[in-house]
Amino acid sequence: MSDLRVRFAPSPTGYLHIGGARTALFNYLLARKEQGTFILRIEDTDVERSTQESVDAILQAMDWLGLSYDEGPFYQSERFDLYKQKVQQLLDEGKAYKCYCSADELDAKREAAKERGDKPQYDETCRDIEARSDDAPYVIRFKSQRDGVTSFKDRIKGTITFNNQELDDMIIQRSDGTPTYNFVVVVDDAEMGLTQVIRGDDHVNNTPRQIQIYQALGYAIPEFAHVPMILGADKKRLSKRHGATSVMAYRDMGYLPEALVNYLVRLGWSFGDEEIFSMDDLIEKFSLDNVGKSAGVFNPEKLLWLNEHYIKTGDPQRLSDLLQEYLVKNGVSVATDIDIVEVVKTLQDRSKTMLDMAEKAAFYFADELDYDEKAKNKFITAEQKTAFEVLLAQLKSCPFTPDGVEAAFKVVLEETGLKFGKVGQPTRVALSGGTSAPGIFEVMLVLGRERCVCRLEAALQMIG
RNA sequence: GCGCUCAUCGUCUAGCUUGGUCCAGGACACCGCCCUUUCACGGCGGCGACAGGGGUUCGAAUCCCCUUGGGCGUACCA
């Protein structure tokens, strides 16, 4: 166990999205690689917007991705006493003050500043006034250092410097007594002993003000690593209009978690020319050194390619369990006389998602085949009558093994004098209902004698 | 507007620290060929980028400056 301590700190105001999952993943990988500690903290100081449903959704998504944590989940809503105490400390030391300006006043001033073309900042009206003794509502503001600069060395972006004039006195406690994000994040990151703060790029602007709070509270400053954002195809911040952004939506669409993990980690991180990484590979190879500085565009095609890869190479046994779930979801009742592991084996090379596989597998289980109209008209015709009859007779008696069915087929070719192609495709339609399916022998073996006979008879009946 | 930041094929990226081995490598997508009982898989090949302009240098994708473009922030949200 090393002393490295990192965290993922989502705000429970919705499901876990792609971007959050990636920062969680980076933290997780680093913790596992360095044998450090990965902490999960729920940032629910905004009581209005936080929900238990969101917490559950986030936990479920992390579990699905395989991101286990060592400590937590800690809820900020249960730590208000600690924050109160820290706010009081700053107040006592004159590093924070009560501000009686109303939200409306503040809004008006902000608007006015914008109109003038000035940077909207708090004008410090209450900075040096006496605290009132009446019960007028107030917020508590942090007294920023306004001279000089604040800079820090970002692990992935390098040194970043801010002029302290940019930092106005921010609110650390709302008028309802609850603390705000920029304050609690510092208290918690410090109290939880984090050595590195790995988070989204959208937080770099918060970092200098947070550093000032670390200093005011006498805390050691952790190392910061800001990972670039994920953008949509139009280079705008990834959002719902770009498609699914929820991690669990990808499960519903039939994606494997290892595909999402692999995709997400390669978006912004690289390891030479390698593209395929298992979680174990990543724990061994991941490093903040190879994380790029620029934002990346989310590319659904590449994710799909990885998903195909993991389906192709996945363990059939495991995949068969998953396939059953998707079949059920599609309303297909799974027949017990069919070996689903074998079904998976026939479909692994031709499925893009598990949902896709479920759709392609449906014909195996159908009691009555749903024929593709065009295929039926073209291939289930009088021309095939003899071939079907011979095949039917053979199938009723031949050994139902790879060699057996192939021999049966050979007999058909010999007796009819037809080429394989002439018999194969019609047979495929008769057995599967369509023109694209796994190899004809594989299909017969998975279907079993009884179903093959039944479907061939049905085809013969259609021919009349 | 102001602040921070980023900039190699359409996209993800290697290369940039220690200029020459890069007329820039890999992957996805796309196109073609091969394999083939359908559909796929697979194999082989092709298309395709150093944002622009100045420097520095014998030599720049690599160093410096400017321009342009993008992202993020600018809340009693996180």
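Numbers restart at 1 for each chain; the letters A, B, ... are given by sequence-line order, proteins then strands.
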Test: A:R141 cationic atom under 6.0 Å from A:Y122 six-membered ring centre, within 45° of axis: yes
Of all pairs that satisfy salt bridge (charged side-chain N to carboxylate O under 4.0 Å, His left out), the ones with a partner from residues 99-109 of chain A, not counting sequence neighbours: A:D107-A:R110, A:K109-A:D123
Gap separating the OG1 atom of A:T125 from the CZ atom of A:R127, nearest 0.5 angstrom: 12.0 Å
Residue list, side-chain contact (heavy atoms from CB on, under 4.5 Å) with A:D273, at least two apart or on another chain: none
Set of residues satisfying side chain to side chain donor-acceptor pair (under 3.5 Å) with respect to A:Q425, sequence neighbours excluded: A:R428
Report all interatomic pairs (protein N or O, nucleotide N or O of nucleotides 42-46 of chain B) with separations under 3.5 Å.
| unit_1 | atom_1 | unit_2 | atom_2 | d |
| --- | --- | --- | --- | --- |
| B:rG42 | OP1 | A:K312 | NZ | 3.0 |

Base orientation of B:rC41, syn vs anti, 90° cut from 0: syn
Protein-to-nucleotide contact annotation, 5' to 3' order, nucleotides 68-78 of chain B [B base; S sugar-phosphate only; - none; under 4.0 Å, heavy atom]: ---SBBSSBBB
Sugar-phosphate, base or nothing in reach of A:S432, heavy atoms under 4.0 Å: nothing
Ring pair (Phe, Tyr, Trp, His ring centres under 6.0 Å) against A:F224, all qualifying residues, sequence neighbours excluded: A:F152
Nucleotide B:rU37, atom P - distance to CD of A:E442 in whole Å: 13 Å
Residue pair A:I39, A:V6: steps toward the side chain to side chain contact (heavy atoms under 4.5 Å, CB included) verdict: CA-CA 6 Å; A:I39 301 166; A:V6 292; over 6 Å; no
First encountered from the 5' end of RNA chain B, between A:E301 and A:G439: A:E301
Nearest-angstrom distance from the residue atom NZ of A:K419 to C1' of B:rU36: 15 Å
Results of side-chain contact (heavy atoms from CB on, under 4.5 Å) for A:R79 - residues two or more places apart only: A:L82, A:Y83, A:D188, A:E191, A:M192
Pairwise distance OH(A:Y69) to CE(A:M62) - rounded to 0.5 angstrom: 6.5 Å
Nucleic acid contacts of residues 346-355 of chain A, taken as heavy-atom distances under 4.0 Å to RNA chain B: A:D349, A:R350
B:rA49: pairing nucleotide in any strand, Watson-Crick or G-U under 3.5 angstrom: none
Show me the donor-acceptor pairs within less than 3.5 Å that the side chains of residues 402-420 of chain A make with the rest of the protein, sequence neighbours left out.
| unit_1 | atom_1 | unit_2 | atom_2 | d |
| --- | --- | --- | --- | --- |
| A:T416 | OG1 | A:V412 | O | 2.7 |
| A:T416 | OG1 | A:L418 | N | 3.3 |

Positive for side-chain contact (heavy atoms from CB on, under 4.5 Å) with A:S151, one of A:T161, A:N163, A:I211, A:I160: A:T161
Touch class at under 4.0 angstrom, heavy-atom based, for A:F420 against every strand present: base
Pairs satisfying side-chain hydrogen bond (donor to acceptor under 3.5 Å, both in side chains), at least one member in residues 232-241 of chain A, at least two apart: A:D202-A:R237, A:D234-A:R241, A:D234-A:H242
With 3.5 Å as the limit, what N/O pairs link the protein to nucleotides 64-66 of chain B?
none

Listed once per pair and sorted, the side-chain hydrogen bond (donor to acceptor under 3.5 Å, both in side chains) pairs that draw on residues 294-303 of chain A, sequence neighbours left out: A:E275-A:K302
Pairwise C1' distance for B:rC12 and B:rG54, with rounding to whole Å: 32 Å
